[in-house]
Each structure stands twice: as C-alpha cells, then as structure tokens.
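As the structure lists them, so they are numbered: ligands from 1, and atoms in each ligand from 1.
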Amino acid sequence: MEEKELDALRETLLYRQKQGYDVIDVAERIKLEEYAAAYRAYLNAARTEREAVTEAIKQAEALGFVPYERGMVLEPGTKVYKSVRGKALMLAVMGRETLEHGANIAAAHVDSPRLDLKPIPLYEKDEICLFKTHYYGGIKKYQWVAIPLEIHGVVTKKDGETVEVVIGKDPDDPKFTITDLLPHLAKDQMAKHGSDIIPGEYLNVLAGSIPYAGEGRKRVMLAVMSLLNDRYGITEEDFLSAELEVVPSFEACDIGVDRSFIGGYGQDDRVCAYAELKAIFDTEMPERTAVCVLADKEEIGSMGVSGMQSRAFETFMEDLCEQQDVRLRDCFANSFCISADVCNAYDPTFWEVSEYPNRNGARANYGVGICKFTGSRGKSGSNDASAEVVGKLRRIFADNNVVWQASELGKVDQGGGGTVAQYMANRNIDTIDAGTPVLSMHAPFETVAKFDCYQTYKAVWAFYKDR
Ligand code: MN
Ligand code: MN
C-alpha cells in the first residue's frame, strides 16, 4: 500500500485526539477569550456557594428569568428559577415538547473545599486572638497555611435577622492568614506524614493582637469582638448560628506567558457551574426543557437540604410537570443528565499517577472531559454510564464541533472520587459525567485551560438545544 493510502486508512480506522488550538479558527479563539473573561468575573464574584447562587440569580434575572411560583403559566420559552434556600439553584427554560418527553438536565455544584469557622470559634492564647476552623471537603491541609484568606458568610442573630459578612475582599479590608512553622524549627514537622504536617486543629486563623485598654482576661479577644460588633452588630454568641467560610484571597487571573490558563479558587466546580449558566442563558425555545442545577454540599457527599440528594430537585421538577399533567416518573425516565463536574487534568510533573503512556487521562487543551465512570478501585461508587448514553453525547458533540476527550481519574488503583452523577441516575435519569480538566484540584488556587472551559460551555449549550 502507498503511504497516502496508509494515512487515509489510519485516519479512518484509528482514533487520534487533536490539540484544541490546532482545530479552532480565529473567530472561535476570540469567543473563547471573551468567555474566559466573563468566567473570571463570575469566579471573582462567587467565593462561596451562596455568592455563586446570588450572582447566578442576578445574571439570570437580567436575562428574563423569573422566580418560579406555583400556578404560573409556563409556555415554551418561559424562563424560571428556584433558589434552594439561597445555597443551591435550579433554572429552567421550558421546551416546545412537554416534559413527558423528558428534560435535558445539567448538574454542577457550587460548593468548594474551604475552612468553616467552628460554632465557638474565637479564642485568645498568649495575647494572640484566633478563630478555630473545621475544614470542609477534601483538602491537603498544609496548602491552606501562609496564604492570604478572606471570611465570607452569614450570621443569623437570635431575633432572626441574618447579617452578611465579608471581610478581606474590599481593597481597604484587612485579610486573614493561618501561620506555619519556619523551616529553621521544622525538623519534627517535616518528618511527619503529609496529612499530619498541619493537623486540623492547627488551622487557626489569625484574628488580632491589640488588647482592649484596662485590666483582666481576654483583652485581645474582647477588642476583636468589639470591632466585629461595631461592623456587624454581632456578639460572640451569634457565631453559634453562623456560616462563616474562610476562603483563599486570590483574584482569578490568567496564567502562563501565553495566558492559556486561568488560575483561581473554587474552580471545582464553578468552572462547570458557569458553563451551565452561560449555556442556559444562550438557550431560547429549546425542543426539550433545559434544566440547570447548581447544587451545594457535593464536596461532603451531596447531603442536606441543598445537596443533590435533596427532594428539592424533585419538588421543582414535579411542579413543572404538574402544569402539563405529566407524571414526574415519566419525565425522569425520558430525561438525560450531564453531571457537569471537573475531572483531573494530566500533569506532566506528576505523570506517575496516570497510566503510562497516558491515553485515558484528560489533558489540558483537549476539550471537555467525558468521564464514563468515576469511583475507586473496581469502579466502586461509580455511575458508569452505558454505551448508549456515551454514544448519544458523541453524536451531539460531533454535530456541534464540541472538542471533547475521554477522562479517567488517574491510573487504576491510584485513588478515586465521585460526583452527583449517581444521585441523578438513582432517579432513573440517564446520566454521564462531563467537565473541565483541572490542575491542582482542591488546592486553594486551581488551574484550568481556557480552551477546555469554553468547550465545556459549548458541550452544555449543544446538549440543551438537542432534542
Ligand atoms: Mn467537583
Ligand atoms: Mn471536588
């Protein structure tokens, strides 16, 4: 056979992934950069799940979405949203077809690993005042020391009033930090196992050091509490009914000489949350009803009223179905869900955690990662999407020039993880994981490739308009 024929045969028979930047044109690159800028802005506006929901509602309302109310008229093209207690969000654009034919659902999460203040957080030791924290989600605790931090959240007072607290975001604000040991005295610390280098009880946030004038005990703590009282009208007891989250104080920014990456906190999974949002914002009059879910509590098991296991989702969907005399179970049976959560990006520095050579791990700039299965060891805890489900996505992506790749979380037996996919599938909804590959996942500063962010958006957009 001639060389040309062999090439043609190779092209036909063998699967070859292409570098993203080799397959897009200038017009697409411009769109990609515009998308990246809007995404960075969203990331900066949303440091917590509450802020992610608030910002999403703000943008949605500007585009004609209205709060869903029982009894309202839902016509094809009607745009509604339902907030789950301000911590999770569901949006829908009603389709031309009734919900009996199912909905196209994309589900991401907006909670991210962080440090929560304990219910009684403040204490003073040796004339230094600190906040005790309890970490949320899977973190490498040593990464959270010696970096600038902010405190975001709410305090609900005894009278029922809820005060919003944000310290460290405004340029005039002070920030926070957790101290680490100097290397000169870290002989014992450095000999420890990674998870013990900084024990959980050492994640204490520096709060202040100037004592209240006068005599007696806890003078520094009193002065700190007094400043908080001036600013928020709260007392120490009010911390008992508060949700105060200590988050990294990093503005999202471009990374690399060529600016091809975005660095920032909370990109797992706000990178997919934003992709879904932008996709549903760009969806007018779809064939099937498009549903965007921004869930809370994924990082700790999707429990709780705002997590993906909550009946809040059924309630919303059932409300929409009722209007059309459709049974929820019929709607779910015919629905399709993209569990839009990030996947691991192959890291050339830590190549050894991937299979060698790497064929199944997602790579930066190769597009949205489709994860047929997650889980650990023998796929334990995985949704494991069927061939038909993956095939459907392949068709949608091919029809819409979505650049995508397969993604497996590291080599077999190296570790594992999960997403909300299993909880959607439990509802008898065909579900598959798809999301943006991330470097340094769960670190205070995570990195993604702009190209992959944009392809994640395109993937969800193409999915929403499919029938
Ligand atoms: Mn995630
Ligand atoms: Mn995660």
Side-chain angles (χ1 to χ4, degrees), residues 39 42-43 46-49 51-53 56 87-89 105-116 135-141 143-144 245 247-248 252 262-277 292-304 306-310 337-345 347 353 361-362 368-376 381-383 385 407-410 414-425 431-449 452-453 456-457 459-460:
Y39 166 54
Y42 179 74
L43 213 50
R47 290 268 199 274
T48 65
E49 71 285 4
E51 291 174 359
V53 166
K87 290 167 64 78
L89 184 68
I105 305 159
H109 66 94
V110 287
D111 61 317
S112 293
R114 60 177 191 254
L115 312 174
D116 288 337
Y135 64 96
Y136 171 101
I139 62 165
K140 288 168 151 181
K141 285 165 288 190
Q143 292 179 331
W144 292 70
E245 306 179 6
V247 295
I262 292 174
Y265 163 68
Q267 303 206 69
D268 171 9
D269 184 33
R270 291 174 202 139
V271 65
C272 295
Y274 185 73
E276 279 186 23
L277 273 178
C292 165
V293 183
L294 306 184
D296 181 28
K297 297 278 181 277
E298 192 280 338
E299 295 294 356
I300 57 168
S302 297
M303 328 301 199
S306 50
M308 202 64 249
Q309 297 193 67
S310 162
C337 175
I338 289 182
S339 160
D341 204 344
V342 296
C343 57
N344 174 51
D347 185 333
V353 300
V368 58
I370 301 302
C371 207
K372 185 180 182 298
F373 51 85
T374 57
S376 52
S382 168
N383 162 53
S407 75
E408 194 175 0
L409 184 53
Q414 183 67 35
T419 65
V420 301
Q422 54 182 314
Y423 308 116
M424 301 309 278
T431 303
I432 183 160
D433 278 295
T436 318
V438 177
L439 292 159
S440 318
M441 195 195 294
H442 282 206
F445 192 78
E446 301 173 312
T447 299
V448 299
D452 303 329
C453 300
T456 307
Y457 151 73
V460 182

Is any N, O or S atom of Cys272 under 2.8 Å away from the Mn ion (ligand 1)?
->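 Checking the Mn ion (ligand 1) against Cys272, no N, O or S atom falls under 2.8 Å.
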If you look at Asp341, which of its N/O/S atoms is nearest to the Mn ion (ligand 1)?
-> OD1
For the pair Asp296 and His109, evaluate side-chain hydrogen bond (donor to acceptor under 3.5 Å, both in side chains) and give the outcome as yes or no after the intermediate values.
-> CA-CA 6 Å; Asp296 181 28; His109 66 94; over 6 Å; no
Would you check if the Mn ion (ligand 2) lies under 2.8 Å from any N, O or S atom of Glu299?
->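 Looking at Glu299, which is the residue asked about, there is an N, O or S atom under 2.8 Å from the Mn ion (ligand 2).
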Whether His442 has an N, O or S atom under 2.8 Å from the Mn ion (ligand 2) |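 An N, O or S atom of His442 is closer than 2.8 Å to the Mn ion (ligand 2), so yes.
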Is any side-chain heavy atom of Glu276 less than 4.5 Å from a side-chain heavy atom of Tyr457?
->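 Of all side-chain heavy-atom pairs linking Tyr457 with Glu276, none is under 4.5 Å.
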pair Tyr39-Ile262: side-chain heavy atoms closer than 4.5 Å =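 Yes. Closest side-chain heavy atoms under 4.5 Å.
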Tell me which N, O or S atom of Asp268 sits nearest to the Mn ion (ligand 2).
->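 The Mn ion (ligand 2) is closest to the Asp268 atom OD2, counting only N, O or S.
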Should the ring pair Trp144 and Tyr265 be called parallel, tilted or perpendicular, given that the plane angle runs from 0 to 90° and is split at 30 and 60?
->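 Rings of Trp144 and Tyr265: perpendicular, over 60°.
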Say whether Asp452 and Thr436, considering side chains only, have a donor N or O and an acceptor N or O under 3.5 Å apart.
->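 On atom types as modelled, these side chains do not qualify, holding no pair under 3.5 Å.
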